[in-house]
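Below, read A as the first sequence line, B as the second, and so on, with proteins coming before strands; counting in each chain starts at 1.
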Protein chains: 2
Amino acid sequence: MTTIRELARRSGVSVATVSRVFNTPEVVSQHTRQRILDLAAEIGYLPNGSARTLATKKSNMVGLVWDTDHRRPGWRHPFLQEILVALKTALSAHGLNLLMLAGHDAAGPDDGQRYVRAVRQHNLDGAVIIDNGTRDPAVLALVEAQVPCVALDLRVDGPTSTYITSDNAGGAALAVRHLVERGHRRIATITGPLRTWPGAERLVGFRAALAGAGLPLADSHVIEGDFYLDGGHAAMNRLLALDDRPTAVFVAGDEMAVGAMRAAQAAGLRIPDDIAIIGFDDIEVAALIPPGLSTVAQNKPGFGTAAAEALVAMLHGGDDPPKPTVLPTTLVVRGST
Amino acid sequence: MTTIRELARRSGVSVATVSRVFNTPEVVSQHTRQRILDLAAEIGYLPNGSARTLATKKSNMVGLVWDTDHRRPGWRHPFLQEILVALKTALSAHGLNLLMLAGHDAAGPDDGQRYVRAVRQHNLDGAVIIDNGTRDPAVLALVEAQVPCVALDLRVDGPTSTYITSDNAGGAALAVRHLVERGHRRIATITGPLRTWPGAERLVGFRAALAGAGLPLADSHVIEGDFYLDGGHAAMNRLLALDDRPTAVFVAGDEMAVGAMRAAQAAGLRIPDDIAIIGFDDIEVAALIPPGLSTVAQNKPGFGTAAAEALVAMLHGGDDPPKPTVLPTTLVVRGST
DNA sequence: CTGAAAGCGCTTACAG
DNA sequence: CTGAAAGCGCTTACAG
């Protein structure tokens, strides 16, 4: 481990000058700068991050808050991997690294300050929050502590926070208009958990689009789901048992939609002839299960990229946090409609 | 940000004593220890991680090397999420955090030392490597630099490294024996990339089990795939074009197996009557696509847990790295066989 | 059991 | 454009 002192000695300058070469290069003379840089490469000098962080209070690390719901540990985010890739790539382009923050399962007290503590402890510059629908107080604490935060699919509000979300209402409307074009008039929905932002907004968009098309909506045609496959299955069974069974269903999540399709098929119905189904997300399976799940696609890498951009803007940027980003959605028609 | 100095002042002791309370509590008197602890909780004191790391050279952070293959950026690990959850949970139980290391796409030179550099720079205690099949020199550099490393599905060898893998050969044998029991005698395989450890080992196990059953294996019945869906599709088409078309195929990855099933169905074959297919991994879709993909299940969280344990053993442990962990696999029979 | 002091490797006003 | 010096917040022999 060669240190700045060693590099300074070898270059015949003070440590201050070496430090400047790496921090404010424009301030040191072209000649000595080059000499130091060459020598640094030669002896493999690397500034020690901890020392730097200690001196500057900036770590160039941002926390990733991604907890599994402890009540439903098996739950998988529909496209975590795509988000992670895009996020990591975009952040590293700005010299930022991602530190995964431990959640509930961690050793120690599971209190509402655990993320704030982690941020303070590691001098994190900010945090990216992936919502898991649990309304975790520890997440809100982060926002309240005025840590620069960007949340995905979770509406947070504060002087140092913003969020990224898809155009959930618009996407739902896309789905409804598609079903209407296909001639459906009795359209039901299986929603996400209404306490989540995507769950709530997709229902809003669904209702609005139905109203816009002049179609009625029976109360029994709105069933709250949970984003899980089994939940979609159960909800569909309830719809199928109805006297005024719908001819089409907007299922507000592909995972649930897969469950719903299975329920319909198990009931002996043909898709899309007896019942049409359209989902939301465009996860990989959507294309794989027959007859192919029509769906509303989200811009998956867009979440990661937008989150990184918003965070960087907050770290370098001015007083106000960036406006929330709303990513457009697109209709993907497959065999199920 | 209250510091150790502040806490010391308030408690009426030296910073050294406060430090000991958090590092070697047994060495300070019960009474003062309690007083300091109480006060610490009251004023919300947290040791500064950077200062600690600077002084001790230990960061309690481990690097996560998980690069997407830049030639195939769309590739998703079959069960990254399960690994991540288990890894994060197990590490945090030991007070370790995971820092995601930027890969190819990062700004700056994409050289073979980039992971080693990141480790030095952040004083990482070790690294967990998730193989992406690219034989990245930067990964080997990590092993050679004697950073404590545990690799998943990548055989690394060094005084500070070990690896975790499934019983790939055993799993393949499980699949073959199942097919043989079903009465198949003309069994082909679509392998993974043979440069990868799982790809190679599953073929070894396949051959051995076939030989054990006294069955012949035509060269044309071994096709090297790439773990991708399209690759499985293409490979299956080649098998179907054969004069001595197999009656069963062991496809060494579920993603490929799904592609293979589609190819068979597109060719008008019934599964499993005309051709039986068995995969490897047990990814989520396996249960979802009709008629259900029989497969060899890997212990997904086991990778994360075992990796954490191995790493912790190396960090605290003795001279020799832990022996490689080989996770057992299990047969999952569904409709495709 | 406790304290004084040196040291970890940087950065950054302050002078010059 | 450069250097000397203080400081960032800890830990840990060394004494006592």
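Here the side chain of Asn132(B) pairs a donor or acceptor atom with the backbone of Asp67(B) at under 3.5 angstrom. Under the 3.5 Å distance criterion, the side-chain polar atoms of Thr162(A) are matched with a main-chain donor or acceptor of Pro322(A). A donor-acceptor pair under 3.5 Å is absent between the side-chain atoms of Arg5(A) and the main chain of Val15(A), judged by distance alone.
Using cut-offs of 30° and 60° on the angle between ring planes, the pair Trp197(B) and Tyr163(B) is perpendicular. Note: Tyr45(A) and Phe22(A) have tilted aromatic rings, judged against thresholds of 30 and 60 degrees for the angle between ring planes.
For Ala51(B), the listed nucleotide lying nearest its side chain is dC10(D); candidates were dC8(D), dC10(D), dT12(C). Closest contact between the side chain of Ile4(A) and the listed nucleotides dC10(C), dT2(D), dT11(D) involves dC10(C). For Arg20(B), the listed nucleotide lying nearest its side chain is dA13(D); candidates were dT11(C), dA13(D), dT11(D). Among dG3(D), dC8(C), dC10(D), the nucleotide with an atom closest to any side-chain atom of Tyr45(B) is dC10(D).
In terms of phosphate contacts, Thr3(B) brings no side-chain nitrogen or oxygen within less than 4.0 Å of OP1 or OP2 of dG9(D). The side chain of Thr32(A) contributes an N or O atom lying less than 4.0 Å from OP1 or OP2 of dT2(D). Close to dG3(C), at under 4.0 Å from its OP1 or OP2, lies a side-chain N or O of Thr17(B). In this model, the phosphate group of dT11(C) is approached by a side-chain N or O of Asn23(A) to a distance below 4.0 Å at OP1 or OP2. A close approach under 4.0 Å does occur between a side-chain nitrogen or oxygen of Lys57(A) and OP1 or OP2 of dG9(D). At dC1(C), none of the side-chain N or O atoms of Ser29(B) fall inside 4.0 Å of OP1 or OP2 (strictly under the cut-off).
Distance, Glu6(A) CD to dG9(C) C1': 13 Å, rounded to whole Å. Rounded to whole Å, atom P of dT2(D) lies 13 Å from atom CD of Glu26(A). At whole-Å resolution of the value, CZ in Arg9(A) and C1' in dA4(D) are 19 Å apart. If you measure from atom NE2 of His122(B) to atom P of dG9(C), you get 17 Å, rounded to the nearest angstrom. Between the CG atom of Asn48(B) and the P atom of dC10(C) there is a distance of 17 Å, rounded to whole Å. Atom pair Leu7(A):CG and dG9(C):P shows a separation of 14 Å (rounding to whole Å applied). The distance from atom CZ of Arg52(B) to atom P of dC10(D) is 9 Å, rounded to the nearest whole Å. Across the protein-nucleic acid pair, His31(A) atom NE2 and dT2(D) atom P stand 10 Å apart, rounded to whole Å.
With 3.5 Å as the limit, one finds no donor-acceptor pair spanning the side chains of Thr160(A) and Gln146(A).
Rounded to a whole angstrom, the distance from the C1' atom of dT12(D) to that of dG16(D) is 16 Å.
Within 4.0 Å of Phe22(B), counting heavy atoms only, lies no atom of the nucleic acid at all.
Checking dC1(D) for Watson-Crick or G-U wobble geometry (two distances, each under 3.5 Å) identifies dG16(C) as its partner.
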